[in-house]
Amino acid sequence: MLKPDSESPPNEITVNIAMAGLLWRDRTGRSVSDEEIIGLVSKFGECGVFPSVVRLTQLITKLCRTGKSDRAWDVIHNVMKLGGDVQAPSCNALLAGLGRQQNFQKMNKLLAEMKENGIQPDIITFGILVNHLCKFRRVDEALEVFEKMSGERESDDGFSVKPDTILYNTLIDGLCKVGRQEQGLGLLEKMKLEQGCAPTTATYNCLIDGFCKSGEIGRAHELFDQMNKEGVPPNVITLNTLVDGMCKHGRINSAMEFFNEMQGKGLKGNAVTYTALINAFCNANNIDKAMQLFNEMSKAECSPDAIVYYTLISGLTQAGKLDDASFVATVMKKAGFCLDIMSYNILIGGFCSKNKLDEAYEMLKEMEQAGVKPDGITYNTLISYFSENGDFMTAHRVMREMISDRLVPTVVTYGALIHAYCLVGKLDEAMKIFRDMSSGLRVPPNTVIYNILVDALCKNRKVEVALSLMDDMKDKGVRPNTNTFNAMLKGLKEINWLEKAFELMDQMTEHACNPDYITMEILTDWLSAVGETEKLRSFVQGYEVSASTA
DNA sequence: ATAGGGTTAG
C-alpha cells in the first residue's frame with residue numbers, strides 16, 4: 001500500500017490514484033477491504049492531503065451501498081476534523097445512505113453539521129431529504145424541509161436554495177400518495193408562480209393519480225383537461241393512470257372508451273394499459289373480453305410482458321379455467337419469459353383447489369427445473385391442500401420438508417392445520433398446535449387463528465373454552481374483530497346465555513367492532529324472541545350496519 | 001419525480 005512517508009511527498013494526486021485503484025482492487029488484483037481504504041484516507045489526511053470531492057464521494061457511496069453508513073459517517077467526520085474540504089456531493093451520498101435506512105435523525109444531524117462547517121447544501125441535498133421523507137409517508141416533515149430550504153420562514157435556519165420542478169413534483173407526489181391531493185393542488189398553483197418551476201407532465205400525472213386513487217375520477221379527468229388546455233402534453237403514464245383509476249372504480253366501459261379515444265389521437269397504450277384492462281375484465285368475470293384484449297396486443301404492436309401474462313394466468317385460474325391458464329403459461333414460456341414464483345404459486349394453488357394433485361406436482365417439478373425455489377407460500381398451499389383433504393400425515397410431512405428447506409412455518413401454516421383439524425372435529429389436535437405455536441415455536445397467534453378456534457369451539461358447544469380464549473386474546477393484546485364476536489354470539493345463542501351476550505355487545509362497542517349483517521341475523525331473531533328489542537335498538541344506535549356479504 | 005400483477009389460514 002502507498003505510504004505517506006514514501007520518497008516523494010504525498011499530494012492530492014497520490015491519494016486519488018491510490019484510492020482509484022483500491023476502490024476496486026489493487027495492482028496485483030487483490031481485493032482491498034474498505035477498512036484499508038479508510039485507513040489510507042486517514043493516514044493521508046493526517047499529512048494534510050485529502051482525496052478529491054469525486055473520490056471521497058465514491059468511497060462514501062460504496063460504504064453506504066454495502067450497509068456501512070456508520071463508517072461513511074466516520075470518514076466524513078474525520079476528513080472534516082483534519083481540515084479537509086468536504087463538499088455537498090459527499091454529504092449527499094451519505095444522506096442517501098442514511099435515507100435508505102430511514103435514519104432521519106442522523107440525516108437532520110448531518111444537515112446541521114453541514115451548516116456548522118460551512119458546507120453549502122445544494123438542491124440535491126434537499127431532494128434526497130424530501131424524497132426519503134415522502135417515501136416513508138412523513139410528508140409534514142418534508143414540507144418543513146421545503147420551507148426551510150428556501151428560507152421562506154425568514155429565520156436564521158433558512159438555506160436560500162431555490163426549489164426546482166423535480167422537488168415540487170416529489171412533494172406533490174408525496175402528498176398525493178397519502179391522500180392529500182387537495183394540498184398537492186395548492187403546490188401546483190404555487191409552482192406556477194415561481195421562476196423555472198413550470199409544472200410538467202409528471203406533475204399532473206402525480207395529481208391525477210392522487211384523485212384516481214381516492215376515487216375522484218371526475219376531478220382526475222378535469223386535471224387531464226386542464227393540462228391539455230395549458231399545453232402540458234399527456235403521455236402514456238397519464239393514460240395509464242386514468243385507465244387504471246377508472247378500472248379500479250368500476251368504470252371499465254369508461255376506461256375502454258377513454259383508451260380508444262386516446263388511441264385515436266395518437267397516444268398509444270403499452271403493456272401497462274393492457275394489464276389494467278385485462279385485470280379489470282378478469283375481476284368482472286369477463287374472461288372473454290380479457291382474452292380479446294390480450295389478443296389485440298400483438299395487433300397493436302405491443303407485446304405482452306411477464307406482468308400481462310401473470311395477470312391473465314391469475315384471472316383464468318381464479319375463474320377456474322386451469323387448462324387455459326396453463327396454456328397461457330406455455331405461450332409465455334415460448335415467448336421467452338420465465339414464470340416467477342408468484343405465477344407458479346397461483347397455478348399450484350389452482351390445481352390444488354381443482355383437486356388435481358398430479359398437475360400441481362408437475363408444476364413443482366417444472367419450477368425446480370427452472371431453478372425457482374418453492375417459498376413459504378408454495379409450502380403453505382400444499383399443507384393447506386393436504387389438511388383440507390384430511391391427509392394430516394402428508395401435511396405434517398410437507399411441513400417438515402418446509403423446515404428442512406430452511407423456511408419458517410408462519411401463522412398461516414399453523415392456521416391451515418388448525419382450521420382443517422377444526423373442520424373434522426379434532427379440536428384437541430387443533431388446540432395442541434395452537435399451544436405449540438404460541439409457546440415453543442414463537443409464532444404469535446393472530447386474530448384469524450383465534451377466530452378459527454373460537455368458531456369451532458362454539459360450534460361444538462364448548463362456549464366456556466371459547467370465552468377463555470377471548471380472555472387469552474386480551475392478555476396477549478390480540479384485538480378481536482367482528483368475526484370473533486359473531487362466532488361467540490352464535491355460540492351463546494345456542495345455549496341462550498343472554499347476560500353474556502349483552503356483555504359481549506358492550507365489548508363490541510368498546511372495541512369499535514362494527515356489527516355486520518351476520519351480527520344482526522344472530523341478534524334480531526334471538527333478542528326479539530326473548531323480548532329484548534330495546535337492547536338491540538340501543539346497540540345498533542351509532543353504528544352503520546355494513547351490508548357486506550363477507 | 002409519475003403508471004401495471006402481489007399469490008398461502010378465518
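Labels below follow one simple rule: chain letters A, B, ... track the order of the sequence lines, proteins then strands, and each chain is numbered from 1. Everything numeric in this text was worked out from a predicted model, so none of it was measured.
Note on residues 195-237 of chain A: pairs passing ring-ring contact (aromatic ring centres under 6.0 Å, His included), not counting sequence neighbours, are A:His221-A:Phe224, A:His221-A:Phe258, A:Phe224-A:Phe258. Annotation: ring-ring contact (aromatic ring centres under 6.0 Å, His included) contacts involving residues 315-355 of chain A, sequence neighbours excluded, comprise A:Tyr309-A:Phe337. Each ring-ring contact (aromatic ring centres under 6.0 Å, His included) pair with one or both residues in residues 359-393 of chain A, not counting sequence neighbours, appears once here: A:Phe392-A:Tyr421. Legend: salt bridge (charged side-chain N to carboxylate O under 4.0 Å, His left out) pairs involving residues 127-140 of chain A, not counting sequence neighbours, sorted by first then second residue: A:Arg138-A:Glu141, A:Asp140-A:Arg180.
Among the atoms of the strands shown, none is found under 4.0 Å from any heavy atom of A:Asp164. Within the 4.0 angstrom heavy-atom criterion, only backbone atoms of the sugar-phosphate kind lie near A:Lys177; the bases stay farther away. As judged by a 4.0 angstrom heavy-atom cut-off over every strand, A:Asp455 is placed among residues making no nucleic acid contact. Nucleic acid contact for A:Asp244: sugar-phosphate only, since backbone atoms but no base atoms lie under 4.0 Å from a heavy atom of the residue. Contact annotation for A:Asn486: no contact, since no heavy-atom pair falls under 4.0 Å across all strands. Within 4.0 Å of A:Val243, counting heavy atoms only, lies no atom of the nucleic acid at all.
Applying a 4.0 Å cut-off to non-hydrogen atoms, the residues of residues 219-242 of chain A that approach DNA chain B are A:Ile237, A:Asn240, A:Thr241, listed by residue number. Residues from residues 297-325 of chain A that place a heavy atom under 4.0 Å from any atom of DNA chain B, listed by number: A:Asp305, A:Ile307, A:Val308, A:Tyr310, A:Thr311. Listed by residue number, A:Ile377, A:Asn380, A:Thr381 are the residues of residues 374-383 of chain A with a heavy-atom contact under 4.0 Å to DNA chain B. Shown for residues 246-266 of chain A: residues whose heavy atoms fall under 4.0 angstrom of DNA chain B, namely A:Lys248. Non-hydrogen atoms lying under 4.0 Å from DNA chain B are contributed by A:Ala271, A:Val272, A:Thr275, A:Asn279, all within residues 271-287 of chain A.
Salt bridge A:Glu182/A:Arg219: present, at least one basic N to carboxylate O contact under 4.0 Å. Salt-bridge annotation for A:Asp428 and A:Lys432: absent, with no side-chain N of the basic residue lying under 4.0 Å from a carboxylate O of the acidic one. Using a 4.0 Å cut-off between charged side-chain N and carboxylate O, A:Lys365 and A:Glu362 make no salt bridge.
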Could you list the donor-acceptor pairs under 3.5 angstrom formed by side chains in residues 310-320 of chain A, with sequence neighbours left out?
unit_1: A:Thr311; atom_1: OG1; unit_2: A:Ile307; atom_2: O; d: 2.7
unit_1: A:Thr317; atom_1: OG1; unit_2: A:Ile313; atom_2: O; d: 2.7

Please list every donor-acceptor pair under 3.5 Å in which a side-chain atom of residues 438-445 of chain A meets a protein atom from a residue at least two apart or in another chain.
unit_1: A:Ser438; atom_1: OG; unit_2: A:Phe434; atom_2: O; d: 2.6
unit_1: A:Ser438; atom_1: OG; unit_2: A:Arg435; atom_2: O; d: 3.3
unit_1: A:Ser439; atom_1: OG; unit_2: A:Arg435; atom_2: O; d: 2.9

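Chain A approaches DNA chain B within less than 4.0 angstrom (heavy atoms of the protein), and the contacting nucleotides run 5' to 3' from B:dA1 to B:dG10.
A distance of 11.5 Å separates SG in A:Cys134 from CG in A:Asn169, rounded to the nearest 0.5 Å.
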